[in-house]
Amino acid sequence: MAGPVIRVRLDEVLKERGMTLTELSHRVEITVVNLSILKNGHAKAVRFSTLARLCEALGCQPGDLLTYE
């Protein structure tokens, strides 16, 4: 049985901002494939520098992108 997990809310935040994954990819200089892996919850880790770039581009805080469930 699976325990608590960290959930990535990138899809929800993108929708709130009216931004596409491709547009975000260009802004943060991360491939669409890697952002998709993160968005779909398949990433094993996220660098703080990547998280910081995402927050800057999306105008949000890390807690807006990640939740603990």
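These numbers were taken from a predicted model, which means no experiment stands behind them. For the numbers below, each heavy atom of this structure counts, side chains included, while hydrogens, waters and symmetry mates do not. Residue numbers start at 1 and run along the sequence shown.
For residues 29-45, the set of pairs meeting the side-chain hydrogen bond (donor to acceptor under 3.5 Å, both in side chains) definition, not counting sequence neighbours, comprises Thr31-Asn34, Ser36-Asn40.
Heavy atoms only, all atoms of each residue included: Arg17 and Gly59 are closest at NH2-O, 3.4 Å. Here the closest heavy-atom approach between residue Cys55 and residue Pro62 is recorded as SG-N, 3.4 Å.
Evaluation of the salt bridge (charged side-chain N to carboxylate O under 4.0 Å, His left out) rule for Arg7 yields Glu12, Glu69 as partners, not counting sequence neighbours. For the salt bridge (charged side-chain N to carboxylate O under 4.0 Å, His left out) test, residues two or more places apart in sequence or in another chain that qualify with Arg27 are Glu23. For Asp64, there are no salt bridge (charged side-chain N to carboxylate O under 4.0 Å, His left out) partners, not counting sequence neighbours.
Grouping Ile, Leu, Val, Met, Phe, Trp and Tyr by side-chain contacts under 4.5 Å, direct or through others, puts Leu10 with Ile6, Val8, Val13, Leu14, Met19, Leu21, Leu24, Val28, Ile30, Val32, Leu35, Leu38, Val46, Leu51, Leu54, Leu58, Leu65, Leu66, Tyr68.
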